[in-house]
*Asks:* 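Please read through the structure below; I'll follow up with questions.
We count residues from 1, following the sequence as given.
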Amino acid sequence: MPRMHDFLLYGAGQLLTCSNPGKGPKRGKSLSDPGIVTDGAIAVSGGVISAVGARADVERIIGSSRVERVIDAGGRVVMPGWVDAHTHAVFSRYRADEYDARIRGVGYLEIERRGGGIKRTVREVREMSEQRLFEVSRRRLAKILEGGTTTIEIKSGYGLDLENELKMLRVIARLGRELPLDVVPSFMGAHQKPPGSEGGAYVRTVIDEMIPAVAREGLAEFVDVFCESGVFTLEETEEILSAARAHGLGLKIHADEITPQGGAELAARLGARSAEHLTKISPAGLAALASSDTIAVLLPGTTFGLGSRQFAPAREMIDRGAAVALATDFNPGSAPSCSMPFAIAVACSQMRMTAAEAVNAATVNAAFAVGRGERAGSLEKGKQADFVGYDVEDYREIPSRAGTNHAVVVVKSGAVAWERPSFEAASEVGL
């Protein structure tokens with residue numbers, strides 16, 4: 001009896017595989033190769049890719065197999081679903097007034113001192129019921145899916161006490177169960193010290209109460225710490241992450257965002273999965289990342305949102321051989337854009353990354369940054385069938401024409417999770 005396939009996609013003018021078989025994240029020159037296949041096709045069976053490559057080769061492989069659904073890409077770009085490796089997507093409401101304040105010259109730290117920023121969102125999240133927090137977050141993630149993101153990391157950190165951090169993590173877990181996205185949960189009780197906390201008392205709370213509870217309930221895969229002047233010191237960060245490791249949790253660090261604190265060096269020394277932000281990374285930190293397995297997760301949308309001109313030195317990182325990933329840092333204040341195409345557009349125009357480097361950084365490398373590199377982030381036989389079709393003829397149009405959502409179909413684990421109705425009537429492809 002012929003084998004059954006979920007569907008066959010064919011006719012991709014450019015099929016970007018972003019593959020790097022068995023080699024971990026891409027570095028250096030390999031980051032410039034998006035693995036383009038002309039007239040590409042993908043066969044899907046049981047939610048995973050059963051064949052991928054040139055159409056003739058894929059059709060020969062599947063032979064007379066029955067196919068439940070056939071999709072003609074019509075010469076459009078097809079690529080892996082985006083992996084957004086750093087977000088704070090569970091929150092109360094946006095802080096648009098702070099955007100206006102920054103335009104008038106009020107700095108990020110000054111806004112925090114006035115009781116805004118993270119402190120404000122913490123107050124709001126604590127007041128919000130778990131059900132309402134889930135519902136507003138669910139609607140956000142539905143929009144994120146429409147842009148082509150199929151895997152997303154979400155951090156807690158707007159609770160800053162045991163009750164509300166666990167509330168946030170339960171919401172994150174539920175989002176992963178009820179929406180067609182892979183959701184990677186990170187515990188970030190060390191996002192900031194809550195008002196009234198003194199000395200190392202809150203650090204002890206994170207270590208002695210929060211991390212054990214999070215680990216016991218299986219609510220997080222990683223622990224992240226905001227290692228920054230006036231937030232958590234280098235020593236406090238190491239102490240928290242050491243406790244996380246003792247409980248079997250992976251390590252991440254918000255590092256060297258505002259001042260060079262040595263967070264990148266610490267991340268490399270501890271073997272952290274990732275060091276994130278890195279706009280003020282030191283030469284020593286750059287060297288440490290380049291010679292380590294720690295992935296540099298860069299967040300160009302945050303620098304853009306803060307009105308800054310100092311972006312992370314992506315070009316130098318890549319040229320030195322560091323593993324670089326891109327993410328949105330989607331949050332209610334400094335980076336309220338959830339668009340991965342926007343993030344890569346800023347990375348290209350302001351950080352001098354090529355479109356190919358940016359695409360690889362936001363797919364295969366980002367997947368490794370959240371522990372999903374073996375099953376997501378690239379189009380390879382045996383991996384999850386997570387991909388997006390864009391209504392463009394050349395993948396470089398995705399960053400160069402940012403500002404419009406060009407996605408027309410999003411496939412998650414072999415099922416169409418979203419598609420744009422009647423898009424052909426307005427399409428420029430093939431004319």
*Asks:* Look at the side chain of R245 and the backbone N and O of L270, then say whether any donor-acceptor pair between them is shorter than 3.5 Å.
*Replies:* yes
*Asks:* Can you check whether R273 reaches E221 side chain to side chain, under 4.5 Å on heavy atoms?
*Replies:* no
*Asks:* Would you say E178 has more than 12 foreign heavy atoms packed within less than 6.0 Å of its CD?
*Replies:* yes
*Asks:* Mark yes when over 12 heavy atoms from residues, nucleotides or ligands other than D293 sit less than 6.0 Å from its CG; otherwise mark no.
*Replies:* no
*Asks:* Has R27 got its NZ or CZ under 6.0 Å from the middle of the six-membered ring of F368, at an angle within 45 degrees of the ring axis?
*Replies:* no
*Asks:* Any side-chain to backbone donor/acceptor pair from R76 onto V429? Under 3.5 Å, distance only.
*Replies:* no
*Asks:* Just checking R401: does its CZ atom have more than 12 heavy atoms from other residues, nucleotides or ligands closer to it than 6.0 angstrom?
*Replies:* yes
*Asks:* Looking at K26, is its backbone amide N or carbonyl O close enough to the side chain of N360 to form a donor-acceptor pair, meaning the two atoms are under 3.5 Å apart?
*Replies:* no
*Asks:* Can you confirm whether H191 sits close enough to F226 that some side-chain heavy atom of one is under 4.5 Å from a side-chain heavy atom of the other?
*Replies:* yes
*Asks:* Answer yes if the side chains of S282 and E265 hold a donor-acceptor pair under 3.5 Å, and no otherwise.
*Replies:* yes
*Asks:* How long is the span from the CZ atom in R315 to the CZ atom in R320, to the nearest 0.5 Å?
*Replies:* 13.5 Å
*Asks:* Grab the two heavy atoms, one from G263 and one from D256, that are nearest each other, plus how far apart they are.
*Replies:* N-OD1, 3.1 Å
*Asks:* Pick from V136, V125, V122: which one makes a side-chain contact (heavy atoms from CB on, under 4.5 Å) with S92?
*Replies:* V125
*Asks:* So, does H277 use its side chain to make a donor-acceptor pair with the main chain of E257 at under 3.5 Å?
*Replies:* no
*Asks:* Between R123 and E127, is a salt bridge (Lys or Arg N to Asp or Glu O under 4.0 Å) present by the stated rule, with each step listed?
*Replies:* CA-CA 6 Å; R123 292 194 300 271; E127 294 169 357; over 6 Å; no
*Asks:* Between E153 and K155, is a salt bridge (Lys or Arg N to Asp or Glu O under 4.0 Å) present by the stated rule, with each step listed?
*Replies:* CA-CA 7 Å; E153 185 255 19; K155 305 177 192 294; 2.7 Å; yes
*Asks:* Give the C-alpha distance, both sets of side-chain angles, the deciding distance and a yes or no for side-chain hydrogen bond (donor to acceptor under 3.5 Å, both in side chains) between Q310 and S308.
*Replies:* CA-CA 6 Å; Q310 184 158 6; S308 173; 5.8 Å; no
*Asks:* What are the two closest heavy atoms between Q14 and Y395, and how far apart are they?
*Replies:* OE1-N, 2.8 Å
*Asks:* I'd like to know if the side chain of N331 and the backbone of H88 have a donor-acceptor N/O pair within less than 3.5 Å.
*Replies:* no
*Asks:* Closest heavy-atom contact between L289 and A264?
*Replies:* CD2-O, 3.9 Å
*Asks:* Test F342 against every option in W82, F330, F304 by the ring-ring contact (aromatic ring centres under 6.0 Å, His included) rule and name the one that passes.
*Replies:* F304
*Asks:* Evaluate the side-chain proximity of H247 to V223: yes if any heavy-atom separation is below 4.5 Å, no if none is.
*Replies:* no
*Asks:* Any chance OH of Y99 has more than 12 other-residue heavy atoms, nucleotides or ligands included, within less than 6.0 Å?
*Replies:* no
*Asks:* Would you say the side-chain atoms of H86 and D329 include a donor-acceptor pair closer than 3.5 Å?
*Replies:* yes
*Asks:* Ignoring hydrogens and angles, tell me if any N or O in the side chain of S337 forms a donor-acceptor pair with the backbone of S339 under 3.5 Å.
*Replies:* yes
*Asks:* At their closest point, which heavy atom of S32 faces which heavy atom of E357, and how far apart are they?
*Replies:* OG-OE2, 3.5 Å
*Asks:* Could you measure the distance from the CE atom of M210 to the CG atom of L162? Nearest 0.5 Å is fine.
*Replies:* 6.0 Å
*Asks:* For atom NZ of K119, decide whether the heavy atoms of other residues, nucleotides or ligands shown that lie under 6.0 angstrom number more than 12.
*Replies:* yes
*Asks:* Would you indicate whether E130, at its atom CD, is surrounded by more than 12 heavy atoms from other residues, nucleotides or ligands within a distance under 6.0 Å?
*Replies:* yes
*Asks:* Do E165 and S156 pair up side chain to side chain, a donor and an acceptor below 3.5 Å, judged on atom types alone?
*Replies:* yes
*Asks:* Donor-acceptor check, side chain of N365 to backbone of P25, threshold 3.5 angstrom: yes or no?
*Replies:* no
*Asks:* Between K252 (side chain only) and A267 (backbone N and O only), is there a donor and an acceptor less than 3.5 Å apart?
*Replies:* no
*Asks:* Per the side chain to side chain donor-acceptor pair (under 3.5 Å) rule, which among D182, T149, T150 passes with K412?
*Replies:* D182
*Asks:* Where do E135 and R132 land on the salt bridge (Lys or Arg N to Asp or Glu O under 4.0 Å) test, with the steps shown first?
*Replies:* CA-CA 5 Å; E135 185 56 31; R132 186 180 172 203; over 6 Å; no
*Asks:* Centre of F311's six-membered ring, under 6.0 Å away, within 45 degrees of the axis: is that where NZ or CZ of R352 sits?
*Replies:* no
*Asks:* Please check this pair: side chain of D6 against backbone of G47, looking for a donor-acceptor N/O pair closer than 3.5 Å.
*Replies:* yes
*Asks:* Would you check if there is a donor-acceptor pair between the side chains of Q131 and S129 at a distance under 3.5 Å?
*Replies:* no
*Asks:* For the backbone of L266 and the side chain of E238, can you confirm whether one donor and one acceptor N or O come within less than 3.5 Å of each other?
*Replies:* no
*Asks:* Quick one: CD1 on I172 to OG on S186, what's the gap to the nearest 0.5 Å?
*Replies:* 8.0 Å
*Asks:* Pick from Q192, H254, Q261: which one makes a side-chain contact (heavy atoms from CB on, under 4.5 Å) with E228?
*Replies:* Q261
*Asks:* Could you tell me which non-hydrogen atom of L326 sits nearest to which non-hydrogen atom of M340, and how far apart they are?
*Replies:* O-CE, 3.8 Å
*Asks:* In terms of side-chain heavy atoms, does S19 have a donor or acceptor partner in E380 at a distance below 3.5 Å?
*Replies:* no
*Asks:* On a heavy-atom basis, which atom in L8 and which in A41 lie closest, and how many Å separate them?
*Replies:* CD1-CB, 4.5 Å
*Asks:* Determine, for D97 against R120, whether the closest basic-nitrogen to carboxylate-oxygen distance falls under 4.0 angstrom.
*Replies:* yes
*Asks:* Could you please spell out the steps behind the salt bridge (Lys or Arg N to Asp or Glu O under 4.0 Å) verdict for D391 and R420?
*Replies:* CA-CA 10 Å; D391 188 28; R420 187 182 303 280; over 6 Å; no
